Amino acid sequence: MLEGEPVHIRFPDGRGVDVPRGTPAGGALALWDPGRAGTFLAALWKGLPVDLASPLLEGGELAPLSFADRAGRDILQHSAAHLLAKALVETIPEARPTVGPPTDEGFYYDFEVRPLTPGDLDAIRTAMHRSVQAREAFRRREVSRDEARTLFARNPYKLRYIAEVPEGEAVSVYDTGAFTDLCRGPHVPDTGWLAGVHVLGFSAITPDAPGSVPLQRVRGVGFPTPKELEAYLKLRAEAEARDHRTIGSRQELFLFLDEAPGFPIWLPKGMVMVRELEKFVTEHLREAGYAEIRTPLLFAQSVYETSGHWEHYRENMFLSTVENRVFGWKPMNCPGSMLVFGSRSRSYRELPLRLAEFAPLHRLEASGTLHGLTRVRELVQDDAHIFCTEEQVEAEIRVLLRWIREAFSTFRLTWSYELSTRPAKFLGEAALWDRAEATLEKLLKESGIEYRVSPGEGAFYGPKIDIHIRDSLGRPWQTGTIQLDYQIPQRFRLEYQGPDGQLHTPVVVHRTILGTWERFLGVVIEHCAGRFPPWLAPVQARILPVTEHQAPGANGLADELRAVGLRVEVGGTEESLAKRVRTAELDRVPYIAVLGEREIADGSVALRVRGQKANRPMSRPEFVEYVRDRVRRREYDP
RNA sequence: GCCGCCGUAGCUCAGUCGGUAGAGCGGCUGAUUUGUAAUCAGCAGGUCGGGAGUUCGAUUCUCUCCGGCGGCUCCA
C-alpha cells in the first residue's frame with residue numbers, strides 16, 4: 001500500500017468511509033458520527049481496544065468506545081489509575097508503582113512505598129487536579145525490551161511484567177507529561193478526560209506471593225464528568241446514612257459490646273424482627289413438610305473428625321476443654337442432623353426426611369473481618385438438611401429455587417445465583433463431584449436462571465448454589481445457599497433400607513434460604529433504610545392523643561390493635577403533637593394514628609402513613625382492619 | 001489475622017500547642033395540654049477505651065493491650 005492511499009473503514013451501523021491511510025481512529029469516528037464524537041474515549045479496531053490516536057493502516061471495522069460501554073468505562077478507570085500513579089510518584093518520588101487495574105467499583109493502583117498518610121492523599125489529589133487542568137496527553141510508544149528494561153531499571157515489578165510480555169508482542173509504554181508507565185493500553189486521549197476522578201482512600205495489602213513486601217493500595221473512582229462524580233459521592237453518602245450499624249443503634253435493634261466482639265446482642269425491638277423472620281420461614285417449613293429438631297451447641301471432637309470439620313474447619317471453631325475432653329462449638333448444624341438421622345435404622349419410605357434446625361452457631365472469624373451484623377461470630381441460620389435418594393434431589397432443589405424467588409420477592413430484594421464448584425481441599429471422589437455439579441447446573445438452566453460460576457468456591461463436602469442479595473445501592477451479600485453433599489452422609493455411615501431390601505447411603509441437601517437472621521436483617525435494614533415493611537416493623541402503629549383528654553380513647557384503640565396481634569405504642573402528651581409526629585416519623589413507625597376531640601367524638605382516627613404528609617381519616621374498625629390486613633399479607637409498603 | 005486510621009457524655013461531635021473538658025440531641029424535673037417533622041426553663045450525666053512510661057503535672061506525648069472503621073484475606 002502506498003502512503004496516503006485510502007483505506008476502507010466500516011462502522012457498526014454498516015456504513016463505511018474511505019480515509020487516507022494513517023488517519024487516527026478518532027478522526028475516522030468523527031467523520032462517522034460528529035455529534036457523539038466528543039463522548040468517544042477510545043475505539044474498537046477489528047474487535048480490539050485502541051487509542052483514538054491510533055493510526056488506521058489498513059481497511060477494517062471500527063467502533064467507538066464511550067463510558068457507557070463496560071470496556072470504555074474500564075479504559076477511563078485505568079487511565080485514572082495512571083493519573084494517580086503519576087501524581088503519587090510526583091509526591092513521593094521513591095515510590096514504585098506495580099499494577100493499577102480497573103475494578104467493578106472503580107480502580108486501584110498498588111505501590112511499594114512507605115505507609116501513606118492522609119496528608120499524602122491531599123497532595124496526590126492536588127497533583128492529579130493540576131494534571132487534569134493541563135490536559136496532558138497519554139502518548140503511546142512501542143519500545144524494545146532493552147529500552148523497557150532501562151526505563152524501569154529501578155522497578156522490579158515492572159521488570160517482571162516486561163519479562164512476562166509474550167514473545168512477538170510489542171512492549172508499549174505510555175507517557176503522561178514526565179511520567180512513563182509500562183502499559184498495554186489503550187487510554188483516554190488526555191488527562192482532561194479525568195476531571196471526574198476521585199481518590200477514595202488507601203490501605204495496605206499483603207500480596208499472595210511468598211516473601212513479598214506489603215504494598216499500599218490507593219483506590220478511586222472515575223466518571224466522565226465532575227457532575228457524575230458528585231452524583232456518585234452523594235449516593236455513597238446516602239449509603240453511609242443507611243448503614244445498618246447506625247440504624248440499628250438509632251432504632252435500638254441490636255448492639256455490640258467490646259467484651260463480646262462479633263457477638264450481636266439483640267435488643268427488644270430487634271428481637272421482634274428476628275422472631276418475625278423466624279415465623280416467616282417456619283410457615284414455609286410447615287407447608288413444605290419439614291420437621292424441626294434441636295441438637296447440642298457443643299459436640300466432642302470425634303464428631304467433627306467424622307464430619308470432616310476437624311480437618312477442614314478447625315481453625316474457624318471455638319473449642320472448649322472439659323474434663324480433659326475437647327468439645328467444639330458447632331459452626332454448622334450438619335453434624336447434629338447427621339447424628340439424628342443415624343440414631344436408628346431408616347426406611348426409604350421416610351425419605352425425603354427434612355430436618356430443620358435454627359441453632360446458634362459459632363465461628364471464629366478473624367477479628368479484622370467482623371462487620372456489624374453482616375459478619376459475626378455467633379449466628380443463626382434458617383438451616384435444614386434434606387436426606388433423600390439421588391432420584392429425589394432434583395425435585396427437592398426445584399422446590400427450594402421456587403421458595404427463594406418467593407422469599408426474596410417479599411422483601412423486594414434483587415438477588416443472583418452463583419454456582420460454586422470443587423475447591424482445592426475437598427472430600428470424596430472427583431467423579432462424584434462432577435455429577436453433583438452437573439445436577440446443580442442442570443437445575444439452574446432448566447429454571448431459566450442466570451448464574452455465575454465460581455470455580456473452586458464450593459464447600460469442602462460438595463458444590464453449592466449460593467444466593468447473593470443486593471441492597472438498594474447494589475452491593476452484593478451472600479445469604480442463602482443450597483449445597484449438595486454426597487460425602488458427610490458416607491462419613492457418618494448413614495444408611496436407609498431401599499425397596500430392594502439393600503442398604504443405601506442417602507444424599508443430603510444442606511440449605512438455608514435467608515441465610516442467617518443476622519446478615520439478612522443487616523441487608524434488609526440497609527435495603528429499606530430502616531423503614532421496615534409493617535409486618536416486620538418492631539412497632540407497627542403509634543397512637544398519638546392530641547391532649548391527655550384523648551388518652552383513654554388512645555389506650556382503648558391500642559387494646560383493639562393488640563387484640564388482633566399488632567404491635568402498638570401510645571404516645572404521651574408532654575410534648576407538642578408536632579414533636580411527637582416528628583419523633584414517630586424518625587422512629588420509622590409505619591402507621592401514626594392521631595386521636596383528637598373530633599376523632600373521639602365520631603369514633604374515627606386520623607391516620608398518617610409513614611412518609612406521607614396527607615392524613616387519611618377512617619373509622620376505627622376500618623383502621624384496625626386496614627393495618628391488620630396489610631401486615632397479614634406482608635405488604636412491603638405501609 | 002495482616003496494613004493503615006480512629007476511640008472525648010446514651011448518640012453526633014467540638015476542645016485542650018501538656019495545667020483533669022464543652023455543645024446539640026437524648027435523659028430527668030417543672031411549667032405548658034398542645035391538630036400532623038423540634039414549646040420553654042432548670043438539672044443530672046464523662047477516672048477523655050484499659051494499662052504502663054516520660055513529666056512537677058498526661059485526656060493531650062510514647063509504648064502496649066482492647067475495641068471500632070477502611071481495605072487485604074475469608075465467609076452466611
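All values reported here derive from a predicted model rather than from experimental measurement. So that the names make sense, note that chain A is the first sequence line, chain B the second, and so on, each numbered from 1. For the numbers below, each heavy atom of this structure counts, side chains included, while hydrogens, waters and symmetry mates do not.
Nearest nucleotide to the A:T516 side chain, out of B:G67, B:U36, B:A76: B:A76. Of the candidates B:C75, B:A37, B:C72, B:C75 carries the atom nearest the A:R519 side chain, counting heavy atoms from C-beta on.
In this structure, the CZ atom of A:R245 is 14 Å from the C1' atom of B:C6, given to the nearest Å. Straight-line distance from the CD atom of A:E315 to the P atom of B:C75: 10 Å, rounded to whole Å.
Between A:E252 and A:K269 there is no salt bridge, since no side-chain N of the basic residue sits under 4.0 Å from a carboxylate O of the acidic one. Taking 4.0 Å as the cut-off between side-chain N and carboxylate O, A:D587 and A:R542 count as a salt-bridged pair. Ionic pairing of A:E560 and A:R620 is present here: one or more N-O contacts between side-chain nitrogen and carboxylate oxygen are shorter than 4.0 angstrom.
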Tabulated below should be each protein N or O lying under 3.5 Å from an N or O of nucleotides 38-41 of chain B; please produce it.
from: B:A38; atom 1: N9; to: A:R582; atom 2: NE; distance (Å): 3.4
from: B:A38; atom 1: N7; to: A:R582; atom 2: NE; distance (Å): 3.4
from: B:A38; atom 1: N7; to: A:R582; atom 2: NH1; distance (Å): 3.0
from: B:A38; atom 1: N7; to: A:R582; atom 2: NH2; distance (Å): 3.4
from: B:A38; atom 1: N6; to: A:R582; atom 2: NH2; distance (Å): 2.7
from: B:A38; atom 1: N1; to: A:R582; atom 2: NH2; distance (Å): 3.0
from: B:U39; atom 1: OP1; to: A:S576; atom 2: OG; distance (Å): 3.3
from: B:U39; atom 1: OP2; to: A:S576; atom 2: OG; distance (Å): 2.7

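Within the nucleic acid shown, A:T479 comes within 4.0 Å of sugar-phosphate atoms alone, with no base atom in reach, counting heavy atoms only. Using a 4.0 Å heavy-atom cutoff across all strands shown, A:R598 reaches at least one base atom of the nucleic acid. Nucleic acid contact for A:G201: none, since no nucleic acid atom lies under 4.0 Å from a heavy atom of the residue. Among the protein residues, A:Q478 comes within range of the sugar-phosphate backbone only, with heavy atoms under 4.0 Å from sugar or phosphate atoms but none that close to a base. Base engagement by A:A606 is indicated by at least one non-hydrogen atom pair under 4.0 Å involving a base atom. A:E585 comes within contact range of at least one nucleobase, with a heavy-atom separation under 4.0 Å. Nucleic acid contact class of A:L370 (heavy atoms, under 4.0 Å, all strands): sugar-phosphate only. Residue A:E457 is classed as a sugar-phosphate contact, given heavy-atom separations below 4.0 Å to backbone atoms only.
No N or O donor and acceptor, one from the side chain of A:R217 and one from the base of B:C72, sit under 3.5 Å apart. Contact of A:Q216 with B:G71 (side chain to base): no donor-acceptor pair of N or O atoms is detected under 3.5 Å.
When the nearest nucleotides of RNA chain B are assigned to A:V594 and A:E518 by heavy-atom distance, the more 5′-ward of the two goes with A:V594. Comparing A:G262 and A:L373 against RNA chain B, the residue whose closest nucleotide sits nearer the 5' end is A:G262.
Cation-pi check for A:R219 over A:Y108 is not met; the charged atom does not lie both under 6.0 angstrom from the ring centroid and within 45 degrees of its normal.
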Quiz item: Given the rule in the salt bridge (charged side-chain N to carboxylate O under 4.0 Å, His left out) test, do A:E276 and A:R567 qualify, once you have shown the distances and angles that lead to the verdict?
Solution: CA-CA 12 Å; A:E276 282 297 334; A:R567 300 183 288 271; 2.7 Å; yes
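For B:U33 and B:C69, the C1' atoms lie 46 Å apart once the distance is rounded to whole Å.
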Self-check item: Nucleotide pairing, RNA chain B (Watson-Crick or G-U, distances under 3.5 Å), in dot-bracket with [ ] and |
Solution: (((((((..((((.....[..)))).(((((.......))))).....(((((..]....))))))))))))....
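No donor-acceptor pair closer than 3.5 Å links the side chain of A:H284 to the backbone N or O of A:W403.
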